[in-house]
There are 2 protein chains.
Amino acid sequence: MLERVPAYTDAMLAETGTLSDRVYRHLADRLIAGRFAPGDKLSLRAVSEALGLSIMPVREAVSRLAAEGALEVTPKKAITVPLMRAAQFRDITQVRVEIEGFAAATACRMATPESLAGIEAREREFRDLSEQPQADLAQAVAANQAFHFAVYRAAGSAELLAIIERLWLRAGPIINLDLRENPERLRLGGAVQAHRACLAAIREGRADAAREAIASDIRGASTFILSRQRLLD
Amino acid sequence: MLERVPAYTDAMLAETGTLSDRVYRHLADRLIAGRFAPGDKLSLRAVSEALGLSIMPVREAVSRLAAEGALEVTPKKAITVPLMRAAQFRDITQVRVEIEGFAAATACRMATPESLAGIEAREREFRDLSEQPQADLAQAVAANQAFHFAVYRAAGSAELLAIIERLWLRAGPIINLDLRENPERLRLGGAVQAHRACLAAIREGRADAAREAIASDIRGASTFILSRQRLLD
DNA sequence: TGCCGCAATCTGTGATCACAGTTAGCTTCC
DNA sequence: GGAAGCTAACTGTGATCACAGATTGCGGCA
């Protein structure tokens, strides 16, 4: 059986906090960005060696990610990116629609000129990237994330933000890996359209419309992915 | 300065999983049950000694709890139960109202005869405990938690359940510690009434009423606690 | 040529040691 | 009697070692 064991070439770490924190951010970023595929195996020693550390910080980072469901350590002593069944993916999609939709509606009510300007800038960046014929997928993924979190941050709730981050940590490997493998989803423009609608709604203070725009963005990607049937069940 | 450093007398551990998992469950249960007060300090070596282990499993457990915001490790090398400002508590209350309310509404739609029977049983147990003049607070806290999670579990969403558990992990020290110190909140019967209303709503399939009952339960406790001004700010 | 089995390697988990930074308490000096 | 200062104990973090269990790959047998 051929197993994906991704390489760790560009092993850059953040420069603040304990080593454990840095490794955690490193792995979390890569998970959200879809740099790991569901089913990928990690090894403490391989990661620590690639990062030039002992295994201790990696151990703690993996342990945290496992607690959040972003990684799994099986009873057979293997660290894997969780495989998600279609039913689970539908579940997480529904929860995301509810929670991220709520965050968007709240952002609509709490928006300040500064946060609105940030959202506008992120919307423009993502739109520009998407409309390029040969879009850099890594950049597009990052820009999409930047737009969403600009909105969610505008809601002004640290609790909500932490919860949404956890959701992205779990959904990232599926969504963004899919986007890497099916870049035409970008060109179809569903996300651009939803972002534009969300931005307009926030500008005009229509909270329900903002919620609906985010919901349709999430549902659109989810439907696309489920139709590809790359998931179990 | 006198600091609360809680004792670890009844150091019982669950009996499945790795040692780290067991320590995690042990600490998480105590946090949710309000056995720690905000500001309490923990020490890896003290906990590990009380549990009869090396510090490694405790380290991993604390690391996970810190990642979830249930504990804090300060840059000055101290592990503490986070102090929460009033604004933060209001924030988490609002998020709980939204998410746990959504879970209750979903439970209403998804309820089966079995899950309904479980909810009924938990409601009765909590009501019986609350109506005793000298209620055992630890039992009452556990019964309240059992009722809420019976409802949330009935929603059938693992994602939602994990998110709510994280919220309780963070809010538990404040809510249940307050209940221990102000047991009259139990006797006032706000919770019993809300639970009864929630149960009735689920029985009759009124999802919005179920949401509102849970919301009022959460808001009631929150208002009570904020009025006591035991929080910073 | 195909399959079974054994051995070497690699896995996560737990314990122990080392270390720099913090805290606490005692002593000493004013 | 009180405050300052120093030392001893304790803190979390990181590295290293030990170990049991899983995996892998090679060699030999059918």
Side-chain angles (χ1 to χ4, degrees), chain A residues 1-8 11 13-27 36 39-83, chain B residues 1-8 11 13-27 36 39-83:
Chain A
M1 178 175 166
L2 245 165
E3 268 172 323
R4 263 192 61 135
V5 179
Y8 269 93
L13 285 180
E15 54 290 305
T16 56
T18 69
L19 287 183
S20 297
D21 291 339
R22 296 200 244 168
V23 176
Y24 175 85
R25 275 270 40 108
H26 174 75
L27 293 174
F36 296 119
D40 278 1
K41 289 175 76 171
L42 298 195
S43 137
L44 294 181
R45 285 170 178 85
V47 175
S48 62
E49 202 168 325
L51 263 40
L53 313 162
S54 88
I55 69 171
M56 275 302 313
V58 181
R59 232 172 121 163
E60 280 204 21
V62 167
S63 163
R64 294 187 212 177
L65 289 164
E68 294 180 307
L71 289 177
E72 243 171 18
V73 348
T74 72
K76 291 139 84 93
K77 303 192 172 202
I79 303 170
T80 67
V81 180
L83 288 170
Chain B
M1 179 175 167
L2 243 165
E3 268 172 320
R4 265 193 59 135
V5 180
Y8 270 93
L13 285 181
E15 55 289 306
T16 56
T18 70
L19 287 182
S20 297
D21 291 338
R22 297 200 243 168
V23 175
Y24 175 85
R25 275 268 44 106
H26 174 75
L27 292 174
F36 296 118
D40 278 1
K41 289 174 74 171
L42 299 195
S43 138
L44 294 181
R45 286 170 178 85
V47 174
S48 62
E49 201 168 325
L51 263 41
L53 313 162
S54 88
I55 71 171
M56 275 302 313
V58 180
R59 232 171 120 164
E60 281 205 20
V62 167
S63 163
R64 295 187 211 177
L65 289 164
E68 295 178 309
L71 288 178
E72 243 171 19
V73 350
T74 73
K76 290 141 80 97
K77 304 192 172 205
I79 303 170
T80 66
V81 180
L83 289 169

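Residue numbering restarts at 1 for every chain, and letters A, B, ... go by the order of the sequence lines.
- Between Glu72(B) atom CD and dT11(D) atom P the separation is 19 Å, expressed in whole Å.
- A close approach under 4.0 Å does not occur between any side-chain nitrogen or oxygen of Thr18(B) and OP1 or OP2 of dG12(C).
- In terms of heavy-atom proximity, Leu44(A) sits nearest to Val62(A) at CD2-CG2, 3.9 Å.
- Of the two residues near DNA chain D, Pro57(A) and Leu44(B), the one whose nearest nucleotide lies more 5' is Leu44(B).
- Here Ser43(A) does not reach the OP1 or OP2 of dC10(C): none of its side-chain N or O atoms lies under 4.0 Å away.
- Distance check: Arg45(B) CZ to Ser54(B) OG gives 10.5 Å after rounding to the nearest 0.5 Å.
- Atom CE of Met56(A) is separated from atom P of dG12(C) by 14 Å (rounded to the nearest Å).
- Nucleic acid contact class of Val73(B) (heavy atoms, under 4.0 Å, all strands): sugar-phosphate only.
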task: With salt bridge (charged side-chain N to carboxylate O under 4.0 Å, His left out) as the test, would you mind laying out the steps for Glu60(A) and Arg64(A) before giving the verdict?
output: CA-CA 6 Å; Glu60(A) 280 204 21; Arg64(A) 294 187 212 177; 3.8 Å; yes
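- Between the C1' atom of dT13(C) and the NZ atom of Lys76(A) lies a distance of 17 Å, rounded to the nearest Å.
- By the 4.5 Å heavy-atom criterion applied to side chains, Leu42(A) and Phe36(A) are counted as neighbours.
- For Glu72(B), the side-chain contact (heavy atoms from CB on, under 4.5 Å) partners two or more places apart in sequence, or in a different chain, are Thr80(B), Pro82(B).
- Put simply, CD on Glu68(B) and OG on Ser63(B) are 10.0 Å apart, with the number rounded to the nearest 0.5 Å.
- Distance check, rounded to the nearest 0.5 Å: OG of Ser48(A) to CE of Met56(A) gives 11.0 Å.
- A donor and an acceptor atom sit less than 3.5 Å apart, one in the side chain of Arg59(A) and one in the base of dG14(C).
- One interatomic measurement links the two molecules: CD of Glu60(B) to P of dG12(D), which rounds to 15 Å at whole-angstrom precision.
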Can you name the atoms? Protein N/O to nucleotides 18-21 of chain C N/O, anything below 3.5 Å, with the distance.
unit_1: dA20(C); atom_1: N3; unit_2: Lys77(B); atom_2: NZ; d: 3.3

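- The interatomic distance linking Ile55(A) (CD1) with dG14(D) (P) rounds to 13 Å, in whole Å.
- The nearest whole Å value for the distance from the CG atom in Leu53(A) to the P atom in dA15(D) is 6 Å.
- Per the geometry, CG belonging to Leu19(B) stands 14 Å off C1' belonging to dC19(D), to the nearest Å.
- Between the CG atom of Leu42(A) and the P atom of dC10(C) there is a distance of 17 Å, given to the nearest Å.
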